[in-house]
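Read through the structure below, which is laid out as structure tokens, and then see the notes.
If you read the sequence from its start, that first residue is 1, and numbering goes on from there. Keep in mind that the numbers below use all heavy atoms, side chains included, and drop hydrogens, waters and symmetry copies.
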Amino acid sequence: MRKWTGCGTTEDREAAERWWIRILRAVDDPECSVPRKVRVHAASCLAASQWEKRIVDDGDTWNVDCVSRAAFFANEAISYGFTSPSTLYVGAGIRRLLNTPRIPGVDYNRFDEFSFSFEAIAKRDEEVVEIASRREAKVSKAPNAYHCATPGCGIEATKKSGLLRCAGKCPAELKPSYCSKECQRAHWKDHRKVCNPDARAKEEQSRHPNHRPQLRVKSTLSNGQPQHFQVAR
């Protein structure tokens, strides 16, 4: 991978591919023992590299031989039980290709043998649907915990911990979540009516035309005990 990416060394993609192919061919060499984990990683890397090389210079043409090799290496890795993001990406790309109008002169039957890849893609599709269904069930129970409450923000979280929840005394079913302190401040004008009802009551009372503010006065009785009473201003 370092040769392929040029990380810490000179980038040489052809050399990287030669090493990966040597690793796969070592399976047939009794004098060279390559761990299974290394072999499947090499197959996955070759699948990704061939898929990347499928596009010809003009950008609109695909090299079907590169696509076929990518499918072969992806299927090889998956057959060993190694379903990496690269192999799923290649498999999904080939499935999209097969679902598009057929290109004259291309032998599509060559892809029929890659059953492991298509089975892995179908299984992944089922997992994605199941994950989405579970998330929708969680969101329906606590919708405020997954959406930023500020109107117009639109940010959603995949987990409750992804947003900041109001730390006020508002009811749990009305407690909002925010993506940032800026959104929290922007929404405070509306939320404070729920989060701080005492402040809201005082505000409404102060707006009443017959409202007369009260002063609390403290005095001391003859026996030395404090006494509190209110005087209207």
Side-chain angles (χ1 to χ4, degrees), residues 1-100 103 105-132 135 155-159 161-163 179-180:
M1 285 302 298
R2 293 180 62 187
K3 276 290 186 183
W4 178 264
T5 61
C7 179
T9 184
T10 303
E11 180 181 320
D12 190 343
R13 296 196 165 192
E14 296 298 328
E17 287 189 321
R18 287 195 297 270
W19 272 107
W20 293 332
I21 292 173
R22 287 178 62 185
I23 290 172
L24 291 181
R25 287 178 175 173
V27 176
D28 301 324
D29 188 352
E31 298 182 358
C32 182
S33 177
V34 178
R36 174 177 171 274
K37 182 178 180 180
V38 177
R39 295 200 305 271
V40 295
H41 276 81
S44 178
C45 290
L46 281 167
S49 68
Q50 290 299 309
W51 183 256
E52 186 174 330
K53 293 169 65 175
R54 76 191 186 281
I55 300 178
V56 184
D57 294 337
D58 59 12
D60 296 326
T61 306
W62 280 18
N63 184 322
V64 71
D65 291 329
C66 287
V67 173
S68 181
R69 286 193 291 268
F72 171 80
F73 290 123
N75 193 72
E76 188 76 4
I78 295 173
S79 69
Y80 281 101
F82 183 69
T83 306
S84 66
S86 296
T87 57
L88 289 174
Y89 184 72
V90 171
I94 292 173
R95 187 174 63 178
R96 288 195 303 270
L97 175 65
L98 296 178
N99 290 332
T100 58
I103 302 174
V106 176
D107 179 16
Y108 285 83
N109 295 328
R110 68 168 73 184
F111 299 108
D112 294 340
E113 60 182 301
F114 305 127
S115 58
F116 289 105
S117 293
F118 298 133
E119 290 174 4
I121 293 297
K123 182 179 179 181
R124 181 55 182 167
D125 288 343
E126 295 175 358
E127 292 174 351
V128 169
V129 172
E130 184 179 354
I131 291 172
R135 183 181 183 279
I155 290 181
E156 299 181 9
T158 56
K159 297 181 179 179
S161 59
L163 298 178
C179 64
S180 64

(request) Report the distance from atom CH2 of W19 to atom CZ of R22, rounding to the nearest 0.5 Å. (result) 4.5 Å
(message) Show the nearest heavy-atom pair for residues F114 and S68, with the distance to one decimal.
(response) CZ-O, 4.0 Å
(message) Quick check: do W62 and V56 have side-chain heavy atoms less than 4.5 Å from each other?
(response) no
(request) Of all the heavy-atom pairs spanning G91 and F118, show the shortest one and how long it is. (result) O-CE2, 4.5 Å
(request) May I have the step-by-step check of side-chain hydrogen bond (donor to acceptor under 3.5 Å, both in side chains) for S44 and S84, ending in yes or no? (result) CA-CA 7 Å; S44 178; S84 66; 2.7 Å; yes
(message) Rounded to the nearest 0.5 Å, what separates atom OG in S86 from atom NE2 in H41?
(response) 10.0 Å
(message) I want to check something: taking the side chain as every heavy atom from C-beta on, are L46 and F72 in contact at a cut-off of under 4.5 Å?
(response) no
(message) To the nearest 0.5 Å, what is the distance between CZ on R69 and CH2 on W51?
(response) 13.0 Å
(message) Could you check whether any side-chain heavy atom of V38 comes within less than 4.5 Å of a side-chain heavy atom of P35, counting everything from C-beta outward?
(response) yes
(message) Please give me the minimum heavy-atom distance between C66 and K53, naming the atom from each residue.
(response) SG-O, 3.7 Å
(request) Please test R39 against K37 for side chain to side chain contact (heavy atoms under 4.5 Å, CB included), starting from the C-alpha separation and ending with a verdict. (result) CA-CA 5 Å; R39 295 200 305 271; K37 182 178 180 180; over 6 Å; no
(request) Could you tell me the separation between the CD1 atom of I121 and the OG1 atom of T87, rounded to the nearest 0.5 Å? (result) 7.5 Å
(message) I need the minimum non-hydrogen distance between R95 and D125, along with the two atoms involved.
(response) NH1-OD2, 2.7 Å
(message) I'd like to know whether F111 forms a side chain to side chain contact (heavy atoms under 4.5 Å, CB included) with L98, so could you lay out the CA-CA distance, the side-chain angles of the two residues, the decisive distance to 0.1 Å, and finally the verdict.
(response) CA-CA 9 Å; F111 299 108; L98 296 178; 3.9 Å; yes
(request) Measure the spacing between CZ of R54 and CG of D65 and express it to the nearest 0.5 Å. (result) 14.5 Å
(request) Compare every heavy atom of L163 with every heavy atom of C179, then report the nearest pair and how far apart it is. (result) CA-CD2, 3.7 Å
(message) Testing the basics here: between A71 and S117, what is the closest heavy-atom pair and its distance to 0.1 Å?
(response) O-OG, 4.2 Å
(message) Is there a side chain to side chain contact (heavy atoms under 4.5 Å, CB included) between V90 and F73? Walk through the geometry before answering.
(response) CA-CA 10 Å; V90 171; F73 290 123; over 6 Å; no
(request) Might you confirm whether atom OH of Y89 has over 12 heavy atoms from other residues, nucleotides or ligands at distances under 6.0 Å? (result) no
(request) Could you tell me the separation between the CD atom of E52 and the CZ atom of R13, rounded to the nearest 0.5 Å? (result) 4.5 Å
(request) Using a strict 4.0 Å threshold on nitrogen-to-oxygen distance, state whether E126 and K123 make a salt bridge. (result) no
(message) Working note: L24 + I21, criterion side chain to side chain contact (heavy atoms under 4.5 Å, CB included); need CA distance, chi angles, decisive distance, verdict.
(response) CA-CA 5 Å; L24 291 181; I21 292 173; 5.8 Å; no
(message) Contact between N75 and I78 at the side-chain level, heavy atoms closer than 4.5 Å - yes or no?
(response) no
